[in-house]
Amino acid sequence: WSPYLIGAGIGILSWAVLFIVNRPLGIPTALAQLAAGAAAPVVGWDAVTSNSYWAKQLPKLDYGTLFLAGTMLGGLISALLARSWHVEAVPQVWAERFGPSPAKRYLYAFIGGAIAMYGARMANGCTSGNGISGGLQLAVSGWIFLAAMFATGTLTAFLMFRSAR
């Protein structure tokens, strides 16, 4: 997919979402609601509602939930249309650098996701909420965040996946 086309699409989607629901793009709140809903059968509804974190994000069907579902469905449809969808426990680039163990790959993916989600909830937003929506609103903090995100992403990719010499 063309990054220019996708970038323009995200911009148009951001404007539409701000116009229709008066909220910026973002997923962490919906993930918190989903986690609360998944935890309720295990720990009980009283434990979920008395938890200071989940009490603010009780499960409900709202814009965030629909956006989360739409993001997953859109990604699947995009991969199917591009004919690039396939199940892969350990990507080749990961296996070359860190070995073929699916358990190790899943562990690191879980840890990375948990750290990213923790940071997003601490910041009360995520990369899409801060970077994309903030950048579209010409907020200096959004542009600084985008620059820092791309710089650290590039550095991380270089350190993790540079070829062994």
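Treat the numbers as computed from the prediction; the structure is a model and nothing was measured.
- Looking at I10 and L25, their side chains come closer than 4.5 Å, going by heavy atoms from C-beta outward.
- In this structure, the side chain of S50 engages the main chain of A47 through a donor-acceptor pair within 3.5 Å.
- Counted within 6.0 Å of CH2 on W143, heavy atoms from surrounding residues, nucleotides or ligands total 12 or fewer; the atom is thus considered open.
- Note that CG of N51 and CG of D46 are 12.5 Å apart. Values are rounded to the nearest 0.5 Å.
- Atom OG of S78 sits about 13.5 Å away from atom CH2 of W85, to the nearest 0.5 Å.
- I20 and L18 fall into different hydrophobic clusters, where Ile, Leu, Val, Met, Phe, Trp and Tyr are joined by side-chain heavy atoms under 4.5 Å apart, directly or via other members.
- Across Q33 and P59, no two heavy atoms sit closer than the pair O-CG, 3.6 Å.
- When all heavy atoms of S14 and L136 are compared, the closest pair comes out as CB-CD1, 3.1 Å.
- Hydrophobic clustering of Ile, Leu, Val, Met, Phe, Trp and Tyr side chains at less than 4.5 Å, counting indirect connections, unites L73 with I27.
- Under a 3.5 Å cut-off, the side chain of T71 and the backbone N or O of F67 do form a donor-acceptor pair.
- Considering only heavy atoms from C-beta on, T154 stays 4.5 Å or farther from F158 through its side chain.
- Taking every heavy atom of both residues into account, P24 and Y63 meet most closely at O-OH, 3.2 Å.
- Put simply, the side chain of L66 does not reach to within 4.5 Å of the side chain of D62, judged on heavy atoms.
- Closest of all the heavy-atom pairs between A39 and W54 is CB-CH2, 3.4 Å.
- One hydrophobic cluster, built from ILVMFWY side chains closer than 4.5 Å, cannot hold both L5 and I132; they sit in different ones.
- Shown here is Y118, whose OH atom has no more than 12 heavy atoms of other residues, nucleotides or ligands within 6.0 Å.
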Evaluate side-chain contact (heavy atoms from CB on, under 4.5 Å) for N130 paired with M149, printing each intermediate quantity in order.
CA-CA 11 Å; N130 191 3; M149 181 181 66; over 6 Å; no

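- Between the side chain of K104 and the backbone N or O of G99 there is no donor-acceptor pair closer than 3.5 Å.
- Under the 4.5 Å side-chain heavy-atom criterion for Ile, Leu, Val, Met, Phe, Trp and Tyr, L34 and L76 are members of distinct hydrophobic clusters.
- Closest approach of V90 to W94, counting heavy atoms only: CG1-CD1, 3.5 Å.
- Scanning both residues, A30 and T65, for their nearest heavy atoms gives CB-N, 3.8 Å.
- At a threshold of 4.5 Å between side-chain heavy atoms, the hydrophobic network of Ile, Leu, Val, Met, Phe, Trp and Tyr places Y53 and L31 in two separate groups.
- The shortest distance between side-chain heavy atoms of P91 and R105 falls below 4.5 Å.
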